[in-house]
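The structure appears right after this line, and notes come after that.
Starting from 1, each residue takes its place in the sequence as its number.
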Amino acid sequence: MHKGFLITACVFGILSVALGAFGAHSLKRIVSPESVAGFETGVRYQFYHTLALLAVALIYERFSNKWVVWSGYSFLIGIVLFSGSLYLLTALNATNTVGLRKAGIITPFGGLFFIAGWVLLLTGILKRS
C-alpha cells in the first residue's frame with residue numbers, strides 16, 4: 001500500500017467535499033452561473049481523481065512498480081493544474097481581479113496529466129513486475 005497516496009487522497013477528498021459545499025451554497029451569490037459551472041467542474045474532476053489516487057494507493061500493493069507510482073503523481077499534478085486553475089479563475093471572477101485571466105490556459109495541461117495518469121496506471125497493471 002502506498003501510504004503517501006492514501007494520505008493525499010484523504011486530504012483531497014476532504015477538500016472536494018468542502019469546496020463542493022461552498023460551491024453549492026455560497027458561490028452562487030458571488031459569481032456568475034458560468035463561473036459556478038467551471039468551479040463545479042473543478043470539484044467534480046478533483047473528486048474523481050481523488051478516488052483514482054485512492055485506487056492507485058491500493059493497487060500499488062499488488063502491482064508495485066514505477067508505472068503505478070507515476071500514475072499517482074500524474075493524478076496529483078492533474079488535480080493541482082486542472083482543478084486548481086478552475087478555482088483560481090473563479091476566485092479572479094469573484095474579486096473582479098484584472099490580469100491573470102489567461103490562467104485558464106493551465107487547465108488543459110491538467111487534463112493531459114489526468115489522461116497520462118490513466119495510461120500509466122494501465123501500463124503498470126499490464127507490466128506487473
Side-chain angles (χ1 to χ4, degrees):
M1 202 172 317
H2 199 288
K3 189 174 180 179
F5 287 156
L6 282 175
I7 292 168
T8 305
C10 289
V11 171
F12 277 152
I14 293 165
L15 289 173
S16 295
V17 173
L19 290 169
F22 171 72
H25 299 293
S26 299
L27 193 59
K28 294 175 184 180
R29 291 183 238 139
I30 302 171
V31 295
S32 69
E34 294 82 18
S35 291
V36 171
F39 186 87
E40 288 173 346
T41 298
V43 171
R44 188 171 45 255
Y45 274 77
Q46 178 177 333
F47 199 72
Y48 293 158
H49 289 88
T50 293
L51 293 175
L53 185 59
L54 181 63
V56 165
L58 299 174
I59 289 168
Y60 182 76
E61 188 169 331
R62 182 149 184 225
F63 301 93
S64 56
N65 59 53
K66 66 181 179 181
W67 304 100
V68 173
V69 171
W70 279 106
S71 74
Y73 289 129
S74 292
F75 291 142
L76 285 169
I77 294 167
I79 290 169
V80 171
L81 294 179
F82 185 89
S83 297
S85 66
L86 292 175
Y87 301 151
L88 175 62
L89 288 170
T90 303
L92 292 172
N93 286 334
T95 59
N96 292 318
T97 303
V98 180
L100 295 176
R101 296 279 181 205
K102 302 217 187 244
I105 199 160
I106 298 168
T107 310
F109 291 104
L112 289 174
F113 274 97
F114 287 152
I115 294 167
W118 289 108
V119 170
L120 290 165
L121 183 57
L122 175 62
T123 303
I125 290 169
L126 294 175
K127 290 190 176 237
R128 182 177 184 181
S129 59

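- Taken from CZ in Phe114 to CG in Leu81, the straight-line distance is 8.5 Å, to the nearest 0.5 Å.
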For Phe63 and Leu121, run side-chain contact (heavy atoms from CB on, under 4.5 Å): C-alpha distance rounded to whole Å, both residues' side-chain angles, the deciding distance at 0.1 Å, then the answer.
CA-CA 10 Å; Phe63 301 93; Leu121 183 57; over 6 Å; no

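- Heavy-atom neighbours of Phe109 CZ from other residues, nucleotides or ligands within 6.0 Å: at or below the threshold of 12.
- Using the six-membered ring where Trp is involved, His2 and Tyr73 have ring planes that are perpendicular, over 60° apart on the 30 and 60° scheme.
- Minimum interatomic distance between Ser35 and Thr90 (heavy atoms only, all atoms of both residues): O-OG1, 3.6 Å.
- Under the side chain to side chain donor-acceptor pair (under 3.5 Å) criterion, the residue pairs touching residues 104-120 are His49-Trp118, Ser85-Thr107, with sequence neighbours excluded.
- Among all heavy-atom pairs drawn from Gly23 and Val36, the shortest one is O-CG1, 4.4 Å.
- Going from atom OH of Tyr48 over to atom CD1 of Ile79 covers 13.0 Å, rounded to the nearest 0.5 Å.
- Residues Leu19 and Phe39 form a side-chain contact, since some pair of their non-hydrogen atoms from C-beta on lies under 4.5 Å apart.
- Heavy-atom contacts from other residues, nucleotides or ligands closer than 6.0 Å to OH of Tyr45 number 12 or fewer.
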Might you work through the ring pair (Phe, Tyr, Trp, His ring centres under 6.0 Å) test for Phe5 and Tyr60, ending with a clear yes or no?
CA-CA 10 Å; Phe5 287 156; Tyr60 182 76; 7.7 Å; no

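- Atom CG of Asn65 and atom CD1 of Ile125 lie 9.0 Å apart (nearest 0.5 Å).
- Connection of Phe47 to Tyr87 is not established within any shared hydrophobic cluster, with ILVMFWY side chains joined at heavy-atom distances below 4.5 Å, either directly or through further cluster members.
- Across Leu76 and Phe12, no two heavy atoms sit closer than the pair CD2-CE1, 3.4 Å.
- In this structure, Ser83 and Gly42 approach most closely via the heavy-atom pair OG-O, 2.7 Å.
- Linking ILVMFWY residues whenever their side-chain heavy atoms come closer than 4.5 Å, directly or via other members, places Val31 and Phe22 in the same cluster.
- Interatomic distance, CD1 of Ile106 versus CG of Leu86, reported as 10.0 Å (0.5 Å rounding).
- With Arg62 contributing its side chain and Leu58 its backbone, the two residues share no donor-acceptor pair below 3.5 Å.
- Side-chain contact between Leu54 and Leu6 is present, with heavy atoms from C-beta onward closer than 4.5 Å.
- Of all heavy-atom pairs spanning Ser71 and Val56, the tightest one is OG-CG2, 3.5 Å.
- Contacts classified as side chain to side chain donor-acceptor pair (under 3.5 Å) and involving residues 7-22 (residues at least two apart or in different chains) are given here: Ser16-Gln46.
- Closest heavy-atom contact between Ala94 and Ile30: CB-CG2, 3.4 Å.
- Taken to the nearest 0.5 Å, the OG atom of Ser64 stands 12.5 Å off from the CD1 atom of Ile59.
- For the atom pair CZ of Phe75 and CG of Leu51, the computed distance is 11.0 Å after rounding to the nearest 0.5 Å.
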